[in-house]
Amino acid sequence: MNMDKLKEAQARFMLQYPGGFSHPEMLAIAKKHKVEKMNRMAQDSFGIEQFADPDKIARSFCEIIKQSSLVSVFEKVRFREAAETFTTHQNERLAQGLREFLHGGQEAGFQQLVELLDEYKLAKWPLLTVCPTYFRPDYEAFVKPTTAKRVVEYFELQGLKYSSKPNFAFYKAYREHINLMKQQIDISLQDGNAAFCGFLMMAIEDAEA
């Protein structure tokens with residue numbers, strides 16, 4: 001990690017937005033993205049006790065993707081069309097994969113979700129990581145391809161090479177770097193990993209402007 005670039009990014013951001021994420025413009029952005037609502041929805045929908053009903057889990061998964069501002073309209077439409085054809089068995093696979101990812105063996109769960117979505121050519125980073133990000137916002141990482149690729153390159157995250165094909169090894173390492181970087185900056189910029197990655201992307205764009 002290039003610590004100098006991270007500190008420079010923080011300085012520029014704090015100069016423009018005193019108070020960090022508590023600045024009025026940042027609060028307005030958080031409201032637009034319905035951050036608290038989406039976090040609460042995921043946490044209510046994906047508690048361990050909810051997984052007794054796979055069909056309900058699949059419906060909740062679809063609803064969160066539908067309402068999320070983090071997922072592109074194109075991916076929402078394609079996922080909705082695919083989900084409408086899911087069989088009971090596919091809903092069970094989706095629920096089992098998500099259960100493992102959130103409450104059990106993360107790697108196995110991640111791979112199971114990749115395999116299911118790949119059958120529809122929908123194994124995309126945003127679709128795989130949006131629900132975990134809302135469920136555990138201060139730990140999991142939302143992987144938006146453009147952002148992840150540029151963060152890895154600009155901040156010189158060692159040992160990481162972005163892959164457009166989702167794999168757990170990259171996810172785990174990227175998450176570790178994001179959580180480590182977050183610990184190195186002002187507490188006012190530590191409010192959720194999705195917001196933190198947004199800050200990193202804004203910093204890159206400012207530096208390259």
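What you see is a predicted model; the values in this text were computed from it and never measured.
For Arg80 (side chain) and Lys66 (main-chain N/O), no donor-acceptor pair under 3.5 Å exists by modelled atom type. Side-chain atoms of Arg99 never come within 3.5 Å of backbone atoms of Pro54 as a donor-acceptor pair (strictly under, hydrogens ignored). In terms of modelled atom types and a separation under 3.5 Å, the side chain of Gln184 and the main chain of Leu180 share a donor-acceptor contact. Side chain of Lys34 to main chain of Gln67: a donor-acceptor pair is present (N/O by atom type, distance under 3.5 Å, no hydrogens or angles). Side-chain atoms of Thr147 do not come within 3.5 Å of backbone N or O of Met201 as any donor-acceptor pair. The backbone N or O of Thr129 sits nowhere less than 3.5 Å from a side-chain atom of Glu140 that would complete a donor-acceptor pair. A distance-only check finds no donor-acceptor pair linking the side chain of Lys56 to the backbone of Gln50 [under 3.5 Å]. Using a distance-only test at 3.5 Å, with no hydrogens or angles considered, a donor-acceptor pair links the side chain of Trp125 to the main chain of Ser163. The backbone N or O of Leu127 sits nowhere less than 3.5 Å from a side-chain atom of Glu75 that would complete a donor-acceptor pair. Formation of a donor-acceptor pair under 3.5 Å by the Asn193 side chain with backbone atoms of Tyr139 is found in this model.
Annotation: Glu49, atom CD; neighbour count of heavy atoms from other residues, nucleotides and ligands within 6.0 Å is above 12. Heavy atoms of other residues, nucleotides or ligands lying less than 6.0 angstrom from CD of Glu81 number more than 12. By the 6.0 Å contact criterion, NZ on Lys172 is open, its count of non-hydrogen atoms from other residues, nucleotides or ligands being 12 or less. More than 12 heavy atoms of other residues, nucleotides or ligands lie within 6.0 Å of CD1 in Ile48, so this atom counts as buried by the packing criterion.
The minimum heavy-atom distance linking Arg136 with Gln106 is given by the pair NH1-NE2, 4.0 Å. Nearest heavy-atom pair, Lys76 versus Ile65, reported as atom, atom and distance to 0.1 Å: CE-O, 3.2 Å. Across Thr133 and Ala194, no two heavy atoms sit closer than the pair CG2-CB, 4.1 Å. In plain terms, the two heavy atoms of Leu113 and Gly97 that are nearest each other are CG-C, 4.0 Å. Nearest heavy atoms, Cys197 versus Ile178: SG-CD1, 3.8 Å. Residues Phe135 and Gly47 approach most closely at CE1-N, 4.1 Å, considering heavy atoms.
Judged as a side chain to side chain donor-acceptor pair (under 3.5 Å), and not counting sequence neighbours, the contacts of Ser68 are Tyr134.
Side-chain heavy atoms closer than 4.5 Å link hydrophobic residues (I, L, V, M, F, W, Y) into clusters, and following such links, even through other members, never connects Tyr17 to Leu27. Residues Leu200 and Val35 do not share a hydrophobic cluster, defined by chaining ILVMFWY side chains whose heavy atoms lie under 4.5 Å apart. Placement of Val71 and Val77 in two distinct hydrophobic clusters is found when ILVMFWY residues are connected by side-chain heavy-atom separations under 4.5 Å, directly or transitively.
Residues Tyr162 and Pro145 have side chains in contact (heavy-atom distance under 4.5 Å, counting atoms from C-beta outward). Looking at heavy atoms from C-beta onward, Lys5 lies in side-chain contact with Tyr154 at the 4.5 angstrom threshold. Two residues are said to be in side-chain contact when any heavy atoms from C-beta on lie closer than 4.5 Å; Ile185 and Phe196 meet this criterion. Considering only heavy atoms from C-beta on, Asp191 stays 4.5 Å or farther from Met26 through its side chain. Residues Leu117 and Lys124 are not in side-chain contact: their nearest non-hydrogen atoms beyond the backbone lie 4.5 Å or more apart. Between Thr88 and Glu92 there is a side-chain heavy-atom pair separated by less than 4.5 Å. Considering only heavy atoms from C-beta on, Ile29 comes within 4.5 Å of His33 through its side chain. Looking at Tyr120 and Phe79, their side chains never come closer than 4.5 Å, going by heavy atoms from C-beta outward.
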Evaluation steps, side chain to side chain contact (heavy atoms under 4.5 Å, CB included), between Lys149 and Thr146: CA-CA 5 Å; Lys149 183 177 181 179; Thr146 302; over 6 Å; no
Worked check of ring pair (Phe, Tyr, Trp, His ring centres under 6.0 Å) between Phe86 and Phe61: CA-CA 13 Å; Phe86 281 5; Phe61 192 99; 8.7 Å; no
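With ring centers used as reference points, Phe51 lies under 6.0 Å from His103. The ring of Phe13 has its center no closer than 6.0 angstrom to the ring center of His23.
The CG atom of Leu6 lies 13.0 Å from the NZ atom of Lys182; values are rounded to the nearest 0.5 Å. Glu25 CD to Gln16 CD: the interatomic distance, rounded to the nearest 0.5 Å, is 7.0 Å.
Taking the six-membered ring where tryptophan is involved, the planes of Phe170 and Tyr174 are essentially parallel, since the angle between them stays under 30° and well short of 60°. Ring geometry for Phe21 versus Phe199: interplanar angle over 60°, hence perpendicular rather than tilted (30 to 60°).
Neither side chain, Glu100 nor Gln112, offers a donor N or O lying under 3.5 Å from an acceptor on the other.
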